[in-house]
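From a predicted model like this one, the values you see are computed outputs, not experimental measurements.
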Amino acid sequence: MLQCTAVTHLPIIDSLVALTTMDGPPDHPPDALPEGFVLCELAEHDETVEHASQLCAAETRDDRDLWFIWTGTGAHRVYRFDALPLCLATLHERHTGLIRQCLLFRHHRSRDHSFFVIDPLREAIANERQEREAGKRPVSEDHADDA
């Protein structure tokens with residue numbers, strides 16, 4: 001399932017207040033915040049499901065992370081900050097022995113857990129890099145500094 005592509009502006013002052021008042025806040029709250037905008041981390045969903053972006057992992061025993069949750073856009077955007085416990089879902093890959101934890105919050109309304117969500121931009125970058133390393137794709141002038 002592809003990742004939701006909703007992006008919104010992060011209200012910095014409200015974010016700092018939420019960070020400093022949560023249990024187990026980071027040592028330096030401004031460093032914990034993304035700059036400017038956040039991307040919804042859920043799988044693609046309809047408008048009945050709120051968008052959500054993780055802001056900070058709390059340093060407490062109950063594993064509650066601070067999430068920025070919003071719906072709507074522009075003047076119709078409504079948002080809140082919520083410290084939510086982690087989802088309990090795990091994925092066991094028998095052939096590799098790898099166990100992956102869902103990185104979303106518990107009871108997320110999107111049906112797909114984080115280990116099933118594919119970020120199309122990250123996938124495209126990874127594929128281009130693999131092709132370049134395999135010698136199938138020359139480095140373009142635009143990305144010569146990246147190589």
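Using a 4.5 Å heavy-atom cutoff, the side chains of L84 and R106 are not in contact. Proximity of I69 to F81: side-chain heavy atoms (C-beta onward) are nowhere separated by under 4.5 Å. The side-chain heavy atoms of M22 and R64, taken from C-beta on, include no pair separated by under 4.5 Å. At least one side-chain heavy atom of C102 sits under 4.5 Å from a side-chain heavy atom of F115. Using a 4.5 Å heavy-atom cutoff, the side chains of P85 and H107 are not in contact.
A donor-acceptor distance shorter than 3.5 angstrom exists from the side chain of Q101 to the backbone of C87, with no hydrogens or angles considered.
Between L42 and the options Q3, H108, E50, a side-chain contact (heavy atoms from CB on, under 4.5 Å) holds for only H108.
Donor-acceptor pairing under 3.5 Å is recorded for the side chains of H92 and T90. In summary, the side chains of R77 and T8 do present a donor paired with an acceptor at a separation below 3.5 Å, with no hydrogens or angles considered.
Hydrophobic clustering (ILVMFWY, side-chain heavy atoms < 4.5 Å, transitive): I12 and V17 are in distinct clusters. By the criterion of side-chain heavy atoms lying less than 4.5 angstrom apart, applied directly or through intervening Ile, Leu, Val, Met, Phe, Trp or Tyr residues, V7 is not grouped with Y79; the two fall into different hydrophobic clusters. By the rule that hydrophobic residues join a cluster once side-chain heavy atoms approach within less than 4.5 Å of another member, L39 and W67 end up as members of separate clusters.
Atom CG of D82 sits about 12.0 Å away from atom CZ of F68, to the nearest 0.5 Å. Atom OG1 of T71 sits about 10.0 Å away from atom CZ of R80, to the nearest 0.5 Å. We find the CG-CG distance between L98 and L91 to be 8.0 Å, quoted to the nearest 0.5 Å. Rounding to the nearest 0.5 Å gives a distance of 3.5 Å between NE2 of H45 and SG of C40. Q54 contributes atom CD, which lies 7.5 Å from atom CG of L86 (distance to the nearest 0.5 angstrom). Taking CG from L66 and CG from L55, the interatomic distance works out to 5.0 Å, rounded to the nearest 0.5 Å.
Relative ring orientation between F116 and H113 is described as tilted, the plane-to-plane angle lying within the 30° to 60° band.
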Could you go step by step and tell me if E41 and S114 meet the side-chain contact (heavy atoms from CB on, under 4.5 Å) rule? CA-CA 8 Å; E41 296 181 34; S114 65; over 6 Å; no

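Scanning both residues, W70 and A6, for their nearest heavy atoms gives CZ2-O, 3.9 Å.
By the salt bridge (charged side-chain N to carboxylate O under 4.0 Å, His left out) test, R100 is found to be paired with E93, residues two or more places apart in sequence or in another chain being considered.
Pairs of residues two or more places apart, or lying in two chains, never qualify as salt bridge (Lys or Arg N to Asp or Glu O under 4.0 Å) while including a residue from residues 10-21.
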